[in-house]
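Structure record follows, encoded as structure tokens.
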Protein chains: 2
Amino acid sequence: MEKGKQAVCQTHCLHPEKLDKAREAMEPDERLARLAELFKTLGDFTRVRILQALSIEELCVCDIAALLDLSQSAVSHQLRLLRAAQLVRYRKEGKIVYYALDDDHVYTLFTQGIEHVKEK
Amino acid sequence: MEKGKQAVCQTHCLHPEKLDKAREAMEPDERLARLAELFKTLGDFTRVRILQALSIEELCVCDIAALLDLSQSAVSHQLRLLRAAQLVRYRKEGKIVYYALDDDHVYTLFTQGIEHVKEK
DNA sequence: CCTACATATGAACATATATTCATATATTAA
DNA sequence: TTAATATATGAATATATGTTCATATGTAGG
């Protein structure tokens with residue numbers, strides 16, 4: 001994505017002052033990259049349903065699979081991604097593993113999204 | 001994803017009361033699907049950068065391409081997705097098209113995400 | 001030890017998606 | 001009209017990603 005990029009507009013439409021201002025105020029790329037990763041993790045139907053379920057109640061892997069009609073494997077794989085994104089935490093009780101939302105911040109972000117969707 | 005799904009756990013680990021409670025409180029699938037789409041649209045580095053830029057200032061397509069060092073085509077394609085998700089709006093002034101965040105709700109969702117990322 | 005069971009994970013496959021390239025559309029000016 | 005320019009878009013390609021299948025890991029009980 002760094003080479004083929006042809007000549008963008010001539011000059012007429014460019015607004016140097018705006019660009020300067022924007023350049024200054026931009027968040028660092030590294031932070032934006034992590035933000036994109038966070039949203040990407042949230043951006044899947046299966047994962048959204050899992051998070052919704054966990055926002056109601058702590059559940060074990062089997063509960064989630066049964067509730068959402070998914071295979072145990074599929075759920076496990078998705079939980080791994082959610083764990084990596086620090087969106088869920090877990091505790092083990094014998095062979096059973098219970099998952100829950102990691103913190104209220106996740107809940108807030110999630111419900112904020114719900115509100116947005118409801119309004120459209 | 002509806003057939004191979006093997007036998008989930010036997011019964012020992014299932015929590016019927018929890019499942020009932022969760023089933024009742026779950027948002028409708030259609031809403032969760034739209035939420036996933038929303039997050040998916042937000043979940044891309046290029047689009048996140050575009051939104052960040054627009055959260056600072058209204059910009060034309062050329063401005064965005066120059067600011068983020070992207071081809072005009074790539075920017076246009078992404079703006080199409082952002083438009084479809086109602087995350088940005090635009091106004092035309094001659095041949096120049098200016099884009100801006102669609103509303104404060106988007107801004108809130110976006111900054112909320114930034115906060116989350118900053119804290120980790 | 002061995003068996004059963006809950007969960008995790010690697011590989012393969014099928015699908016989705018982001019960018020590039022080429023080209024189309026729309027607007028202004030001559 | 002024709003030329004120039006800003007933006008949009010279709011097709012192709014390369015990469016990413018979600019699910020399945022098979023299997024591994026970890027834990028409890030006999």
Side-chain angles (χ1 to χ4, degrees), chain A residues 1-15 33 36-37 39-50 58-85 88-99, chain B residues 1-15 33 36-37 39-50 58-85 88-99:
Chain A
M1 88 172 178
E2 232 77 59
K3 56 163 259 297
K5 197 180 348 122
Q6 77 273 44
V8 164
C9 65
Q10 247 58 1
T11 84
H12 305 80
C13 81
L14 281 176
H15 304 77
E37 284 308 308
F39 283 136
K40 185 178 297 181
T41 304
L42 291 169
D44 174 81
F45 183 52
T46 297
R47 288 192 291 273
V48 158
R49 287 199 300 159
I50 291 175
E58 177 190 69
L59 295 168
C60 73
V61 178
C62 276
D63 287 336
I64 299 171
L67 177 66
L68 306 180
D69 194 33
L70 294 167
S71 72
Q72 175 268 318
S73 180
V75 172
S76 238
H77 277 296
Q78 299 299 8
L79 286 172
R80 195 155 82 96
L81 297 180
L82 293 172
R83 259 184 283 138
V88 300
R89 57 183 163 72
Y90 65 96
R91 67 184 177 84
K92 300 179 76 167
E93 199 165 287
K95 19 182 182 179
I96 302 179
V97 180
Y98 292 94
Y99 281 84
Chain B
M1 90 171 176
E2 231 78 60
K3 56 164 257 297
K5 197 180 349 121
Q6 76 273 46
V8 163
C9 65
Q10 248 57 1
T11 83
H12 306 80
C13 81
L14 280 176
H15 305 78
E37 285 309 309
F39 282 135
K40 185 179 297 182
T41 304
L42 291 169
D44 175 82
F45 183 52
T46 297
R47 289 192 292 272
V48 158
R49 288 198 300 160
I50 291 176
E58 176 191 71
L59 295 169
C60 75
V61 178
C62 276
D63 287 336
I64 299 172
L67 176 66
L68 306 180
D69 193 33
L70 294 167
S71 72
Q72 174 269 317
S73 181
V75 173
S76 239
H77 277 295
Q78 298 299 9
L79 285 171
R80 195 155 83 95
L81 297 180
L82 292 172
R83 262 184 281 136
V88 301
R89 57 182 163 72
Y90 65 95
R91 67 182 179 83
K92 301 179 76 168
E93 200 167 286
K95 19 181 180 180
I96 301 181
V97 181
Y98 292 94
Y99 281 84

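Remember, predicted model here, so these are calculated numbers, not experimental data. Residue numbers start from 1 in every chain, and the chains themselves are labelled A, B, ... in the order their sequence lines are given, proteins ahead of strands.
To the nearest angstrom, C1' of C:dT17 lies 14 Å from CG of A:Asp44. The separation between A:Ile64 atom CD1 and C:dA6 atom P is 15 Å, rounded to whole Å. One interatomic measurement links the two molecules: CZ of B:Phe39 to P of D:dT17, which rounds to 18 Å at whole-angstrom precision. Atom CG of A:Leu82 and atom P of D:dT17 are 14 Å apart (whole Å). In this entry the distance linking CZ of A:Phe45 with P of C:dA16 reads 15 Å, nearest Å. If you measure from atom CG of B:Leu42 to atom C1' of C:dA18, you get 16 Å, rounded to the nearest angstrom.
On a pure distance criterion of 3.5 Å, a polar donor-acceptor pair joins the side chain of A:His77 and the base of D:dT20. Side-chain atoms of B:Gln72 come within donor-acceptor range of the base of D:dA8, with a qualifying N/O pair under 3.5 Å. Evaluation of atom-type donor-acceptor distances gives a pair under 3.5 Å for the side chain of B:Ser73 against the base of C:dC21.
Considering only side-chain atoms of B:Val61, the nucleotide from C:dT7, D:dG18, D:dT7 that sits closest is D:dT7. Here the side chain of B:Gln78 is nearest to one of C:dA6, C:dT19, D:dT7, namely C:dT19. The nucleotide whose nearest atom lies closest to any side-chain atom of A:Lys95 is, among D:dT7, C:dC5, C:dT20, C:dC5.
When heavy atoms are screened at a 4.0 angstrom cut-off, A:Tyr99 is found touching the sugar-phosphate backbone but no base atom. Contact annotation for B:Leu81: backbone-only contact, meaning every heavy-atom pair under 4.0 Å involves sugar-phosphate atoms and none involves a base.
A distance-only check finds no donor-acceptor pair linking the side chain of A:Arg83 to the backbone of A:Arg89 [under 3.5 Å].
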